[in-house]
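Written below as structure tokens is the structure these notes are about.
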Protein chains: 2
Amino acid sequence: MLNYQPAPLDLAFQALADPTRRLMVERLSQGPASVSELAQPLDMTLSAVVQHLAVLEASGLVRSQKVGRVRTCRIEPQVLHSAERWISERRASWERRLDRLGAFLVETDPTTRPRSK
Amino acid sequence: MLNYQPAPLDLAFQALADPTRRLMVERLSQGPASVSELAQPLDMTLSAVVQHLAVLEASGLVRSQKVGRVRTCRIEPQVLHSAERWISERRASWERRLDRLGAFLVETDPTTRPRSK
DNA sequence: TTGATAGTTAAGCATATACTTAACTATTGT
DNA sequence: ACAATAGTTAAGTATATGCTTAACTATCAA
């Protein structure tokens, strides 16, 4: 898609699609951390970690502030929440449909409804 | 990451990161559809739609079967469910932490706990 | 003031993604 | 048998992504 302004969910799911970034989010879900703390378990340069962090911040999943020379990062749960809601709504919609279908089948199938009405 | 086998969540979130594919999932959450039906509201070639469908199938979000010349696609809710769970677990973890923190603050702040014990 | 720490930024590179066109293959209705 | 329908597949292209190295900028500590 040309000239497309990415929607919030584009950025959120894109950010979560990378295993390194999911690890960073997992770490941050335990509590705030500095950039170096985020980088510590990761097998890549600090530079790469900073770039991943930029993606997370652009998506709104993470917020950070610098005090002195250390930048402290923390999770921003709202975007996490809307991603979760998008998924659960589709899933709910699909499952409601299956329920209606199931009810219809039970109601019309003579083997599950031999008598009644 | 070189030589990295993409994890199921990588594929799921990657698939959901594209607005066209989310539209397809939304359509499918209302019930099964053929490839042409999926393509109908989309401003791109059938070819492109087939390729998006391949991404959705590779992620396990969608399953399809061909009968005669029409391929019918439907949602596979399991992967949707695990993506949802991943998110809600991180969010829960973050929120539990905030709760503990809040409780701690209330318990130690003399203005909210002027007497007692 | 000098050095170590913590992070930033730009450039370059390999690979992946989101398309298009075009040529092709089955299936079905007439 | 013939054309229309439904989808598939390959090739090409532009842009995006996930890194690296390297050069740089603040802050803190001795």
Side-chain angles (χ1 to χ4, degrees), chain A residues 1-25 27-28 32-74, chain B residues 1-25 27-28 32-74:
Chain A
M1 259 174 182
L2 227 59
N3 275 348
Y4 170 73
Q5 288 288 9
L9 284 182
D10 292 42
L11 298 177
F13 286 130
Q14 186 64 259
L16 294 177
D18 185 276
T20 298
R21 286 191 296 260
R22 281 203 309 282
L23 264 182
M24 292 169 74
V25 168
R27 169 62 186 79
L28 290 175
S34 71
V35 176
S36 320
E37 281 165 359
L38 286 176
Q40 189 254 304
L42 301 173
D43 187 20
M44 66 185 64
T45 63
L46 226 211
S47 174
V49 174
V50 168
Q51 291 169 63
H52 279 301
L53 179 59
V55 173
L56 287 169
E57 294 211 50
S59 75
L61 286 165
V62 166
R63 186 169 41 89
S64 77
Q65 52 193 348
K66 203 169 179 175
V67 170
R69 59 185 167 174
V70 5
R71 175 173 298 279
T72 301
C73 312
R74 68 193 70 237
Chain B
M1 257 170 184
L2 227 61
N3 274 344
Y4 170 73
Q5 290 287 4
L9 283 183
D10 293 42
L11 298 176
F13 286 128
Q14 186 64 259
L16 293 177
D18 185 276
T20 299
R21 286 191 295 259
R22 281 203 309 281
L23 263 182
M24 292 169 74
V25 168
R27 168 63 188 78
L28 290 176
S34 71
V35 176
S36 321
E37 281 165 358
L38 286 177
Q40 189 253 302
L42 302 174
D43 187 22
M44 65 184 64
T45 62
L46 227 212
S47 176
V49 174
V50 169
Q51 290 169 63
H52 279 300
L53 179 60
V55 173
L56 287 169
E57 293 211 50
S59 75
L61 286 165
V62 167
R63 187 171 37 92
S64 78
Q65 53 194 346
K66 202 168 180 177
V67 170
R69 58 184 167 177
V70 3
R71 175 173 298 279
T72 301
C73 311
R74 68 193 69 238

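Chain letters run A, B, ... following the sequence lines, proteins first, then strands; residues in each count from 1. Every value quoted in this text rests on a predicted model; they were computed, and no experiment measured them.
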Next on the checklist: I want to check something: taking the side chain as every heavy atom from C-beta on, are B:Leu61 and B:Leu28 in contact at a cut-off of under 4.5 Å?
Outcome noted: no
Item to check | Phosphate-side-chain proximity, B:His52 and C:dC19, N/O vs OP1/OP2 below 4.0 Å | outcome: yes
Checklist entry - Once you round it to whole Å, what is the distance between P of D:dG18 and CG of A:Leu46? => result 18 Å
Next on the checklist: Rounded to whole Å, how long is the line connecting atom CG of A:Leu38 with atom C1' of C:dA6?
Outcome noted: 13 Å
Checklist outcome for this item: Rounded to whole Å, the CE-P distance (B:Met24 to C:dA18) equals 12 Å
Checklist entry - Rounding to a whole Å, what distance do you find between A:Phe13:CZ and C:dT17:C1'? => result 18 Å
Checklist entry - Is the closest side-chain heavy-atom distance between A:Val35 and A:Val50 below 4.5 Å? => result yes
Detail all sub-3.5 Å separations between protein N/O atoms and N/O atoms belonging to nucleotides 21-25 of chain D.
residue	atom	partner	partner atom	Å
D:dT21	O4	A:Ser47	OG	3.1

Item to check | Length of the line joining B:Leu53:CG and C:dA18:P, which is rounded to integer Å | outcome: 14 Å
Checklist entry - What pairs meet the salt bridge (Lys or Arg N to Asp or Glu O under 4.0 Å) rule with one or both residues in residues 50-62 of chain B, with sequence neighbours excluded? => result none
Next on the checklist: I need the CG-P distance between A:Asp10 and D:dT17, as an integer number of Å.
Outcome noted: 11 Å
Item to check | A:Met44 side-chain proximity, nearest of C:dC19, D:dT8, D:dC19 | outcome: D:dC19
Item to check | Residue list, salt bridge (charged side-chain N to carboxylate O under 4.0 Å, His left out) with B:Arg22, at least two apart or on another chain | outcome: A:Asp10
Next on the checklist: Under the salt bridge (Lys or Arg N to Asp or Glu O under 4.0 Å) definition, can you give me all pairs with a residue in residues 44-56 of chain A, not counting sequence neighbours?
Outcome noted: none
Item to check | side chain to side chain contact (heavy atoms under 4.5 Å, CB included) partners of B:Asp18, counting only residues at least two apart | outcome: B:Thr20, B:Arg21, B:His52
Checklist entry - Looking at DNA chain D, which of residues 55-72 of chain A put a heavy atom within less than 4.0 Å of it? => result A:Gly68, A:Arg69
Checklist entry - What's the CG-C1' distance between B:Asp18 and C:dA16, to the nearest Å? => result 14 Å
Next on the checklist: B:Ala48: which residues meet the side chain to side chain contact (heavy atoms under 4.5 Å, CB included) condition with it, sequence neighbours left out?
Outcome noted: B:Met44, B:Thr45
Item to check | Residues in side chain to side chain contact (heavy atoms under 4.5 Å, CB included) contact with B:Leu11, at least two apart in sequence or another chain | outcome: B:Pro6, B:Ser59
Checklist entry - What is the distance from CG of A:Leu16 to C1' of D:dT17, rounded to the nearest Å? => result 16 Å
Checklist outcome for this item: Taking for A:Ser34 and for B:Ala17 the nucleotide of DNA chain C with the nearest heavy atom, the one nearer the 5' end belongs to A:Ser34
Item to check | Non-neighbouring partners of B:Arg63 that pass side chain to side chain contact (heavy atoms under 4.5 Å, CB included), sequence neighbours left out | outcome: B:Arg74, B:Glu76
